[in-house]
Each structure stands twice: as structure tokens, then as C-alpha cells.
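All remarks here apply to the structure that follows.
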Amino acid sequence: MALEIERKFLLPEFPERLIQEGELKIVTRHNIDQTYLAIDGGQELRVRKITDLDSGEVTYTHTFKDGKGIKREEIEYFISEGLYNQMIEAVNAVALVKERITAVWNDTTVEIDVYSQLKLSVLEVEFESLEEAESFKAPEWFGKDVSTERQYSNKTVWKELQNKTKN
Ligand SMILES: O=P(O)(O)OP(=O)(O)OP(=O)(O)O
């Protein structure tokens with residue numbers, strides 16, 4: 001199983017100035033529709049519809065994650081549009097929608113997620129090892145480190161979205 005080691009920050013404002021000054025270079029922009037199929041303790045199964053906002057290419061993934069905090073197990077693979085549609089129909093939930101901007105700042109690849117249904121933007125950085133993740137010194141503009149705060153995990157945010165839209 002692959003390991004996912006990442007830290008998450010609560011991005012206070014979109015870093016427009018850094019982009020304009022060329023300090024933060026945008027690599028890709030994707031729209032992600034995310035739906036959870038099942039959640040049980042630290043385990044989750046989710047599907048995504050991913051649209052490349054530059055090329056228009058659409059892909060679908062199925063992901064299993066296990067664990068919490070900075071280090072988790074992850075298995076992810078591509079699925080067909082047909083499988084994706086069958087699964088989201090079965091779940092009949094509201095997909096969590098976000099725009100994911102992948103960019104490079106100072107040799108570090110960052111993923112900025114801007115959630116369209118909520119007032120929330122986060123920034124994530126992936127690492128090769130726990131040592132690297134723990135020793136990484138984040139700049140001020142990344143915002144508060146929420147890596148271990150469950151309320152900002154996508155499954156929690158997705159669950160809240162379901163409750164909101166049901167009422
Ligand atoms: O894109 P990932 O796999 O890092 O996943 P996410 O949708 O940001 O979700 P979380 O890290 O909250 O599981």
C-alpha cells in the first residue's frame with residue numbers, strides 16, 4: 001500500500017500577489033467533485049470526477065484511505081465514467097466541489113484547494129517521509145497548520161455538506 005504523508009494549512013487568502021510576482025508558479029488547475037461511498041473510523045472509500053481546467057480532460061478515480069493525521073495509507077486508481085456514475089447514483093449525495101491549484105513555491109509543490117460551497121481554502125504539501133514532513137518550516141502565508149485537526153478533513157467537510165443540504 002502507498003503511504004500518503006501530507007501537511008494541511010488553513011490558507012487565509014488566495015496568494016494572488018505571489019502568483020503575479022512569479023514566486024508561486026501555477027502548474028495545473030483542476031475541478032474536483034468528491035463523493036464518499038463509505039466511512040468507517042479511520043477508513044474511507046471515495047470517488048472523484050476530476051476535470052483539467054486547461055485541457056478539459058475528465059478522469060475518474062476511486063480511493064481507499066486508512067488512518068488519520070499526517071501519515072495515511074492510500075490506494076488510488078482510475079475508474080470508468082460508468083463505474084463512477086453507478087456509484088454516485090447509489091450514494092445519492094451532494095458532491096463536495098473544489099478547485100485544486102497545483103503550484104510550485106521555492107522548490108516545494110503545493111496544492112491549494114478552494115471549496116466552492118463553503119468559505120474555505122486549504123493548502124497541502126506532500127512529503128516523502130515523516131522526518132521531512134515534521135522538519136518542514138512553513139512560511140507565514142500558508143496559514144495555520146491543521147494537519148491533525150479532523151474538522152478540516154474532506155470526509156468531515158463532506159458529511160457537514162450533506163447535513164446542510166438536507167435541512
Ligand atoms: O487529495 P488528497 O488525497 O490529499 O485528499 P483530500 O481530498 O485533500 O482529503 P483529505 O486529505 O482530507 O483526506
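Predicted, not measured: the structure shown is a model, and the values here were computed from it.
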Could you list the donor-acceptor pairs under 3.5 angstrom formed by side chains in residues 17-26, with sequence neighbours left out?
{"from": "Arg17", "atom 1": "NH1", "to": "Glu21", "atom 2": "OE1", "distance (Å)": "2.9"}
{"from": "Arg17", "atom 1": "NH1", "to": "Glu21", "atom 2": "OE2", "distance (Å)": "3.0"}
{"from": "Lys25", "atom 1": "NZ", "to": "Gly22", "atom 2": "O", "distance (Å)": "3.1"}

Among residues at least two apart in sequence or on other chains, which ones pass side-chain contact (heavy atoms from CB on, under 4.5 Å) with [X]?
{"X": "Gln86", "value": "none"}
{"X": "Lys155", "value": "Tyr36, Ile39, Glu44, Ser153"}
{"X": "Glu131", "value": "Ser129"}
{"X": "Asp145", "value": "Arg7, Phe9, Ser147"}

Under 3.5 Å, side chain of [X] to main-chain N/O of [Y], donor-acceptor pair present?
{"X": "Thr156", "Y": "Arg150", "answer": "yes"}
{"X": "Gln162", "Y": "Val94", "answer": "yes"}
{"X": "Gln117", "Y": "Ala95", "answer": "yes"}

What do you reckon, are the aromatic ring centroids of Trp141 and Phe14 less than 6.0 Å apart? no
Given salt bridge (charged side-chain N to carboxylate O under 4.0 Å, His left out), test Glu4 with Lys71 step by step and report yes or no. CA-CA 6 Å; Glu4 180 190 58; Lys71 191 171 146 191; over 6 Å; no
Would you check, one step at a time, whether the test side chain to side chain donor-acceptor pair (under 3.5 Å) holds for Asn31 with Lys98? CA-CA 6 Å; Asn31 185 81; Lys98 59 191 178 185; over 6 Å; no
Please table the atom pairs, donor to acceptor, closer than 3.5 Å between any side-chain atom in residues 76-84 and protein atoms at least two apart or in another chain.
{"from": "Glu76", "atom 1": "OE2", "to": "Arg46", "atom 2": "NH2", "distance (Å)": "3.4"}
{"from": "Glu76", "atom 1": "OE2", "to": "Thr63", "atom 2": "OG1", "distance (Å)": "2.5"}
{"from": "Tyr77", "atom 1": "OH", "to": "His62", "atom 2": "ND1", "distance (Å)": "3.0"}
{"from": "Ser80", "atom 1": "OG", "to": "Gly82", "atom 2": "N", "distance (Å)": "3.4"}
{"from": "Ser80", "atom 1": "OG", "to": "Leu83", "atom 2": "N", "distance (Å)": "3.1"}

Quick one: side chain to side chain donor-acceptor pair (under 3.5 Å) partners of [X], sequence neighbours excluded?
{"X": "Lys49", "value": "none"}
{"X": "Glu149", "value": "Lys144"}
{"X": "Asp54", "value": "Arg29"}

Check step by step if salt bridge (charged side-chain N to carboxylate O under 4.0 Å, His left out) holds for Arg100 and Glu124. CA-CA 10 Å; Arg100 170 163 290 187; Glu124 291 179 317; 3.3 Å; yes
With sequence neighbours excluded, tell me which residues meet ring-ring contact (aromatic ring centres under 6.0 Å, His included) with Tyr115. none
Under the salt bridge (Lys or Arg N to Asp or Glu O under 4.0 Å) test, residues paired with Glu132 that sit two or more places apart: none
Shared-cluster residues of Val27, by chain and number - hydrophobic side chains joined below 4.5 Å: Val104
